[in-house]
Amino acid sequence: HVYISSRRRLSWGDVSIIYSKDQSIQRYGLKNKNKGGSTFPYFHLDSHQSNNDVFGISQKMEQIRMSSRSQSSHRSNKSGDFSQFFIEVARLKNEFTKLYGGENSARFLLHSGITTFQPSGRRENQTDVKSIPYGLTHTATRILNAKRNNRPFKVSFAGYSVTVGRGNYFHQSYPFVLEKLLKKPMSFLGITLQIRNAAIGGVPSFPYGWCLENFLGEDVDVISWDFSMNEAGGVPNGLEAYIRHAMTLRRKPMMIVKDTGRNIAARRRELLQDYVDFGVLKDPVVLSIEDAMEEFATLSEDILPIGLREWRKFGAPKGAPGQAPHHPGVKEHELLGWLLAMHFLASLELVASDLVMDANVDKDPYNLVMPPPIYSKNVNPSELLSLFFGTEMSSHNATPMSWEMGPVYCRTTYDPILNGKLQDMVRSGSLGEDLDVMLPRGAKFYKHGWVLDLGKSEKLAKKMLQRYGGLGYIDSKQAYYGIYGSGSLELFIPCLGRDDISQSMENEDMVKHRARDCFKHLVVCEVNEKHITGHECRLDKDVSFRVGGVLSEITKPINMTGTSYWGRNICFDVDVPSKSILSNLGKSKETGIMIEVSVETASVMVNTGPCSLSHIIWQQLSSAKMNGSPNLSTLK
């Protein structure tokens with residue numbers, strides 16, 4: 001596990017590699033032009049990393065257990081109940097070494113492919129249990145918390161086609177490789193593991209990052225980020241906003257950042273180190289196949305260990321969709337799963353050895369004080385800064401430069417989601433919800449309302465998948481599509497958690513409350529898909545939005561790293577007019593605003609590219625921050 005310091009690139013000069021025949025090589029590539037190196041290298045491992053990988057932790061824990069037994073024979077030995085666990089861990093380590101060229105080679109892959117982080121300035125005494133890295137102990141605390149509260153340990157993966165597993169069967173994607181490897185050892189500790197792969201092909205990090213509760217769950221223990229392909233060059237802006245939203249989830253989950261190599265993505269690793277130093281992130285890891293494979297990529301096939309052979313072979317039948325150069329083959333997914341499994345096994349060793357402090361992660365306060373954002377200057381329009389990064393705290397109790405994340409909510413038509421379907425917000429003007437999304441919808445269909453459908457390219461891709469039985473994929477980018485003539489799509493957006501407004505409206509029937517008392521920002525997003533005609537609908541130019549009974553005059557595209565697809569803006573800020581009013585929804589008396597969405601440009605038709613609506617995002621004001629005033633604003 002590689003430790004890096006804030007604002008400083010790691011020096012790799014202390015990691016050397018030698019051939020068994022004393023042939024020297026350079027650190028960044030084997031010098032053999034004949035189909036790669038012909039002799040398998042031996043790696044000198046860093047002692048600190050070796051002491052703290054699963055092999056070193058297992059040895060350390062065994063020594064501590066033996067010492068405890070010899071010092072106090074009458075002492076309760078809880079770890080003795082877990083003999084099956086220790087046997088299973090030994091079996092997994094043995095299998096890992098066999099697959100990847102022996103213990104030396106396997107550990108080098110682990111050290112290179114997983115980067116962990118330590119708070120700057122923290123140094124451990126290598127001779128006692130306190131030498132165990134802080135991140136490993138915090139992950140162990142998370143696992144122990146699940147065990148003590150008799151609940152599953154939940155790991156949810158986000159990302160796009162790489163994490164989905166395109167080109168392979170869905171069950172061959174690395175999240176499920178991890179599940180297969182960890183389920184048994186965790187069960188021997190009395191812990192149920194739940195793995196969720198909620199990645200969606202071809203999505204950027206936002207609006208996904210606004211919808212983490214919907215896709216990943218609000219009570220998840222571990223989440224991931226895999227959007228580097230859409231945020232090339234190691235730009236850190238999207239990841240920083242994603243982290244800040246992730247920390248609003250109940251358990252402040254562990255972050256797995258699947259990223260490109262250290263040379264390209266250095267700024268994102270520096271960002272993670274900063275957030276560890278700030279105390280926001282406790283146990284993040286970077287997972288990089290490029291770093292893991294750097295010293296193996298030029299070796300000839302005949303000397304590679306079995307786990308690295310046939311590297312570009314896919315798990316699905318030949319010719320299946322997604323078998324592209326940028327998608328990993330099945331062996332790459334297996335290695336990714338193994339690297340993560342070995343990392344988690346080190347923390348599981350701590351749980352089994354009863355050497356973790358009991359801290360109830362479930363009862364951490366919901367609000368987490370944030371540092372000022374580091375990479376927030378490119379948000380446009382600038383007034384949307386709070387939607388990505390939060391706001392500076394103005395309370396007299398706040399420390400200087402303290403920020404907090406305001407409540408942001410999401411509704412989406414995408415799958416797979418756990419809650420928050422946009423379909424449930426629709427009051428009128430739609431059709432197609434009860435039909436198979438793969439059935440064709442003719443142009444006449446669209447004249448009867450906004451249609452729940454798949455885009456042309458998305459539907460074609462799914463038809464190709466059907467020839468191979470679907471390969472098990474569950475992701476879908478369905479959305480509401482409308483053209484000129486579809487009429488208005490009417491939706492009700494709730495004002496959540498504002499009992500002060502609800503009670504006021506219930507007690508004063510003649511008073512109309514301004515929508516801005518609750519709603520700070522309103523964002524709509526279209527489907528992220530390729531546009532080829534050049535005449536496709538633009539939500540900011542071809543669509544009108546009536547918000548709370550008043551036509552919104554301003555709709556702006558949002559420019560921010562992670563919010564575009566193929567160079568096209570997909571999310572738009574819809575102004576909430578000052579005279580827009582809140583209303584109650586029927587007998588439920590739920591308070592919110594009505595939104596009417598209509599296509600106004602006559603040339604927007606099915607064949608040129610209809611308008612689409614896939615996400616509605618809104619940021620609310622808390623009762624203490626209503627436009628800077630503690631009083632509700634009303635219209636008589």
Side-chain angles (χ1 to χ4, degrees), residues 1-5 10 45-65 79 82 85-86 88-90 92-93 96 106-107 109-148 153 155 178 181-182 185-186 189 191 193 221-224 251-257 269 272-273 275-277 279-288 337-359 361:
H1 302 59
V2 179
Y3 293 86
I4 66 175
S5 299
L10 179 70
L45 304 178
D46 177 78
S47 60
H48 182 73
Q49 296 176 56
S50 297
N51 285 333
N52 294 298
D53 65 14
V54 64
F55 297 88
I57 292 290
S58 293
Q59 186 176 22
K60 191 181 299 185
M61 293 304 98
E62 178 60 22
Q63 291 171 352
I64 291 173
R65 288 192 298 271
S79 63
F82 301 135
F85 167 80
F86 296 118
E88 178 62 14
V89 171
L92 288 171
K93 288 189 296 183
F96 180 56
R107 294 177 82 173
L109 275 170
L110 178 59
H111 298 171
S112 303
I114 295 282
T115 302
T116 62
F117 300 82
Q118 185 79 353
S120 295
R122 183 186 289 262
R123 296 290 183 268
E124 297 95 352
N125 180 346
Q126 294 293 330
T127 61
D128 64 17
V129 69
K130 293 180 181 178
S131 69
I132 298 167
Y134 176 74
L136 284 181
T137 59
H138 195 83
T139 301
T141 299
R142 296 182 187 276
I143 298 169
L144 179 64
N145 183 256
K147 177 178 172 64
R148 296 268 171 89
F153 186 72
V155 183
L178 176 66
L181 295 172
L182 286 187
M186 291 188 75
L189 296 180
I191 304 165
L193 174 65
D221 296 286
V222 182
I223 68 171
S224 76
R251 295 189 178 122
K252 317 295 183 297
M254 172 186 174
M255 286 279 301
I256 298 171
V257 176
R269 300 189 189 204
L272 291 169
Q273 181 65 57
Y275 272 75
V276 169
D277 291 340
V280 175
L281 296 177
K282 306 296 185 182
D283 48 356
V285 300
V286 172
L287 174 66
S288 173
W338 270 107
L339 294 177
L340 287 176
M342 291 297 104
H343 176 75
F344 279 104
L345 281 177
S347 289
L348 287 170
E349 280 272 8
L350 302 182
V351 175
S353 300
D354 196 34
L355 292 171
V356 185
M357 295 296 292
D358 187 12
V361 180

Check whether any side-chain heavy atom of [X] sits under 4.5 Å from a side-chain heavy atom of [Y], and report yes or no.
X	Y	result
Val276	Pro284	yes
Asn52	Lys60	yes
Glu349	Phe86	yes
Arg107	Ser50	yes
Ser58	Val89	yes
Ile223	Ile256	no
Met254	Arg142	yes
Leu181	Phe344	no

**OP:** Please list, chain by chain and in numerical order, all residues satisfying ring pair (Phe, Tyr, Trp, His ring centres under 6.0 Å) with Phe96, sequence neighbours excluded.
**Re:** Tyr100, Trp338
Could you tell me which non-hydrogen atom of [X] sits nearest to which non-hydrogen atom of [Y], and how far apart they are?
X	Y	value
Ala346	Leu136	CB-CD2, 4.1 Å
Thr115	Phe117	O-CE1, 3.7 Å
Ser347	Ala140	O-CB, 3.5 Å
Gly337	Leu178	O-CD1, 4.0 Å

**OP:** Under the side chain to side chain donor-acceptor pair (under 3.5 Å) rule, collect the residues that match up with Thr139, sequence neighbours excluded.
**Re:** Asp283
**OP:** Determine whether the side chains of Asp53 and His111 contain a donor N or O and an acceptor N or O closer than 3.5 Å.
**Re:** yes
Subject >> Inter-residue atom distance Ile132.CD1 - Met61.CE, 0.5 Å rounding >> reply: 3.5 Å
Original post:
What distance separates Met342 CE from Ile57 CD1, expressed to the nearest 0.5 Å?
Top reply: 13.5 Å
Without swapping roles, check the side chain of [X] against the backbone of [Y] for a donor-acceptor pair under 3.5 Å.
X	Y	value
Asp221	Pro253	no
Gln273	Gln118	yes
Ser353	Leu350	no
Asn51	Ser47	yes

